[in-house]
Structures are given as structure tokens and as C-alpha cells.
Amino acid sequence: LRNVVLVLILVACANVFDQVGAELTEAQCRACSNAQLICGATACESCSLDTQCQQQYSSVSVCRSANDSSAECDVAGGCLCVHKSLTSDGISFADIGPAIIMILGGAAAAGGGVGGGGVFVPVLIMFAGFTTKEAIPLSTVMIGCASVANFFQLRLKKHPSAARPMIDYNIALLMQPTSMGGTILGVILNQVLPEWVLLVLLICLIATTIYRSSKKGLSMYSQETAKLNAAAPSSPPASPPSPPPASPPLSPDGEVELDTIEKEPEKPDPPAPAQAVEPTIEWMPWNVLGALVGILALVCLHSFIVGGKSSKISPIGIQRCSGLYWALFITIFPILGYIAYWAVQRAARIYEEYVASGAQPVEGDVSWTLQRAGLVSGGSVLAGIMSSSLGIGGGMVLGPIMLELGMLPDVTAATSSFMILFTAWSGVFQYLVAKRVRLDYAIFFGLCGIVSSVLGQTALDYMVKKHGRKSIIVFTAIFIISLSAILLTYTSGRSIYWNIQAGADMGFRSYC
């Protein structure tokens, strides 16, 4: 009996030592990666060399101080694996390759009037070696810079059917206040909803958007084909030769007698058709621009007071979820609501005055009534919530709404790009407040965004003029949305799989 007891004790001790000395599982190593640590023999450990980070993460990972990511590793103070710096570590092919991919994707996004975040974020994660928390702010900066370049290219373009700007500033003012309010609510949903719920919502939204936009694009393509076929020159049927005109009588001298030639009566000139006078429309409506800039400033001030995205304490020391926090948080919504009410009244009044002036609405004009303007403004709240909570950018939602209203594709793309200018820079400001922007890469990728904008607008203008089909703009937007759906589904699905393997909580999260 004593021998049996000794054997059992030895076996138990062996099992304990085996468990203590066992190597970490893949799920446990993934947890180490989330904490920017390396997977050691038996536990997560701080790095000490760049090669350790590069073996576990990627070639762009380096070992830096935990207190200052730009400082060299101080083993005594602890070190973490972080993405390399452009200023201290220089540029490499790992930076240039993803930049080229994003320039091409951003060019298509700029032409289609969508932000391109659905392409930028997955590329930054999969090819550039950034974490999700680093990739989203950099993508927002890239979209913001591209939208500025878009505006300077589109601000002087003329509407295809009237003497007015290509950008519809009035509908931008109508949709922007409620859309910006929706983005604020979307930030809360993004942090509360489980990742798998966000993925399901993303798939449903993009599938619906692709279906509706494809239906609209195919209808436009058929109409354009019919117009091009009707305008194509056709050879008329051969007609029998007409007899030569009779010769006028001659005088005895062999000259033509002028009195015998019948003169055709002179026909009066037809009266010019009456044309409705197009009312003078301000090419650069500074009052609308001022209102939109004021809305942007209001949202940025609100973010500064209550704290940006992922900030637990605001820059002025307000704790998230405190009584003062919620009191200040909700103050912006009555203000945005009043601005939206004024914009709805303004849209209906301007359209009434436009029709009363004798001008006829042109192709793509929306017949604004109080009811329709109110529905569009209210629908923009949902667009802002979905774009912010799912991280896809407003252009993927607002652009299809404009197409459903019957707006022309080029006007839709121009107006959507203009609206992205404000939503993107609102996001940039919130990330700056939260100190989540890598300034070195923000400048680099911001320049890439400007290049992609110029390239996209130039290429799309050439294609539309060459083929005479504005449906190309719609199909370009559909391509970017579809590509974004594939990339975002892959990256989100991979993250969900890793969390399940690591035994992470897949339920609702606390905003506080």
C-alpha cells in the first residue's frame, strides 16, 4: 500500500511539472500578440531584440520601450513589439508595396465617390503589418487627404445638364447634420456590439447596397445603350435619280431672260423657341460651406470635451460614463436636430422658388418636398450609424441613397466625395484627441491618398468621355464596395476565429 501511495504521488508531481513547463498553445500565443508581447516557453514575455518580434509578427516589427515606442528597448523598463517607424527605421518595400495597392484602390474609390476605407484597413492589416487599432486611424487620414484633393478637383466642374456646380451643396447640407449625429451614436454601438454581430450587419448592409446599386447601374447601362444606338448614323435607302432641272428660256441673243425665272418667295425666319431662364446659382455657396464647417467644428468640439474614440478620460478630465459625461454627450443632438430641421425647410423652399422662377427641372434633379426632405434627412441618421459602427465610411451608404433619389451618377459621386471630406476629418480629429494617429505614417499615407484622388478622377473622366457611359461610375463604386466586403469579411472573420480559439468573451461589451 505504501508503495502504491508513493507511485501515485510521483505521478501527480510529474503531471504538475509537465503542466508548468508545457509550451503555450496557439490561442495563448495569440493573446500574447494582442498584448504586443512575444510567446515565450511557458508564458508571454517582453522582447529584447528586433529579431524576436520579426519572427513572431512580421518583418516591420521592432522591439521598443514600453514607455516610449520611439525609444530603443530598455530591458529594465520592459519592451514591446511595435511597428517600425518611418523616421528612425526608414522606408522599405513593406511600406511601398501596400502604398501602391492602396493608391490603385483609392483611385477607384475616388472615381466612384466612396471613401475606400473598406480597402485601406484590410491592406494595412494584411500587408503593411499594422494592428487594427493602428490601421483604422491611418485609413481615416488617407480618406481625409483624398477627399480634400477630390474637392479641389470637383469644385469647378459644371453640372452636365445645367449652369450650376457638379457638387450638390444643398443635399450635402440636408444630409450632413443627421449623418454626423449618427456617427456619434455609431461609435457607441461599435464598442458595445460583439464582433460577430457587426460582421453580420456588415454583410447584410453591403449585400443590400450591391443589389440596389447593381440594379440601378444595369438600368442606366441599358438606357445608355439605347441612346447610343439611336444616335448612331445609318445609311439612308437609295433613291432614284431626280430629273435635271428645266433650262430657262433664252433670248434671241442667247442670254437667259431673267423675267421668266420664277423667284421663290422669301420665308421668314422661324421664331426662336422660348427657353426657361436658369436662375443664377452661386458657384461656390459660402453660406452652405460655412454651415458645414460649423457643423464639423461643433462635432470636433464635442469630441474634445467628452473624449475621442476609445478615450476613457477626455482631454479636460471628464470620466467616461460619469453624470457630467452623459449630460455633455447628449447636448449635441438637439443642436444638430435644429440644424437638420432648418436644412429640411430650406431644401423645400429653394425647390419651390426654383420652379416658381420658370425654370424646368433638369435630368437628375430631385423634386424636394417637406416630406421627402425629412425622410432623406432622417435616413441619413441610419447611414451615419451604420457607417461609423461598421467602420466602412459614409460614402458606401450615402452614395447609394442619392442614386435611389434619381441623381446622376457623376453628381452623386461628386457630392458624396464632398460629404466624406467632413466625416473623415471629424474622425481624424477624434483619433488625434485619443492619441491614436502615427504621424509619420499618417503623412506618408496621406500623400498616397492625394495621389490616388488625382489618378482616380483623371482616369474616370477619360473613361466616361471615351465611352459616353456614366454608368461606369456606378459600376466602379459597386466594384469597390464588393472588394471591401470580401476584404472586411476575411479580416473580421479571422479575428473572430482567433478570439474563439483563445476563449474570448463573444458577448456584448460594456461601453463604460
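Positions are given from 1, in the same order as the sequence printed here.
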Donor-acceptor pair, distance only, cut-off 3.5 Å: does the side chain of [X] make one with the backbone of [Y]?
X    : Y    : result
T415 : D168 : yes
S416 : A413 : no
T476 : G112 : no
S214 : Y211 : no
S147 : G144 : yes
Q457 : A110 : yes
S213 : P400 : no
S495 : T491 : no
S179 : Q176 : no

Least distance between heavy atoms, [X] atom then [Y] atom:
X    : Y    : result
M407 : V411 : CE-CG1, 3.7 Å
G90  : K84  : O-NZ, 2.5 Å
A128 : V60  : O-CG2, 3.6 Å
A343 : L173 : CB-O, 3.7 Å
C145 : I450 : O-CG1, 3.8 Å
S314 : F304 : CB-O, 4.0 Å

*Partner residues of T208 under the side chain to side chain contact (heavy atoms under 4.5 Å, CB included) criterion, sequence neighbours left out*: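 For T208 the side chain to side chain contact (heavy atoms under 4.5 Å, CB included) partners, ignoring immediate neighbours, are R212.
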Close side-chain approach of [X] and [Y], heavy atoms under 4.5 Å:
X    : Y    : answer
M180 : L298 : no
S417 : L421 : no
L138 : F130 : yes
D365 : Y354 : yes
P361 : Y351 : yes
M102 : V119 : no
D461 : K157 : yes
R346 : V288 : yes

*Are F445 and F120 an aromatic pair by the rule of ring centers under 6.0 Å?*
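They do not qualify: ring centres at least 6.0 Å apart.
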*Give the ring-plane orientation class for F418 versus F151, where under 30° counts as parallel, over 60° as perpendicular and anything between as tilted.*
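If you compare the ring of F418 with that of F151, the planes turn out tilted.
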_Parallel, tilted or perpendicular, as decided by the 30° and 60° cut-offs, for the rings of H302 and F333_ =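 Rings of F333 and H302: perpendicular, as their planes differ by over 60°.
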_Derivation and outcome, side-chain hydrogen bond (donor to acceptor under 3.5 Å, both in side chains), residues T225 and R469_ = CA-CA 9 Å; T225 301; R469 293 183 182 272; 3.0 Å; yes
Measuring from atom [atom1] of [X] to atom [atom2] of [Y], what distance do you get when rounded to the nearest 0.5 angstrom?
X    : Y    : atom1 : atom2 : result
I401 : L405 : CD1   : CG    : 8.0 Å
I318 : R320 : CD1   : CZ    : 12.5 Å
S492 : L198 : OG    : CG    : 8.0 Å
I472 : E224 : CD1   : CD    : 7.5 Å
D410 : I473 : CG    : CD1   : 4.5 Å
S484 : F479 : OG    : CZ    : 9.0 Å

*Taking only residues two or more places apart in sequence or in another chain, which ones pass side chain to side chain donor-acceptor pair (under 3.5 Å) with Y325?*
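Result, side chain to side chain donor-acceptor pair (under 3.5 Å) vs Y325: Y511.
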*Applying the side-chain contact (heavy atoms from CB on, under 4.5 Å) test to W368, which of V355, I171, V344 qualifies?*
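Among the candidates, only I171 passes.
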*So L193 and L201, side chain to side chain contact (heavy atoms under 4.5 Å, CB included) or not? Walk me through it.*
CA-CA 11 Å; L193 294 178; L201 291 175; 4.1 Å; yes
_T140/F429 under side chain to side chain contact (heavy atoms under 4.5 Å, CB included): CA gap, chis, key distance, verdict_ = CA-CA 10 Å; T140 307; F429 182 83; over 6 Å; no
Distance-only polar pair, side chains of [X] and [Y], donor-acceptor under 3.5 Å:
X    : Y    : value
S161 : E363 : no
T87  : D440 : no
D95  : Y441 : yes

*So S85 and R438, side chain to side chain contact (heavy atoms under 4.5 Å, CB included) or not? Walk me through it.*
CA-CA 9 Å; S85 171; R438 290 280 304 266; 4.3 Å; yes
*Please lay out, stage by stage, how F422 and I295 fare under the test side chain to side chain contact (heavy atoms under 4.5 Å, CB included).*
CA-CA 9 Å; F422 298 93; I295 294 171; over 6 Å; no
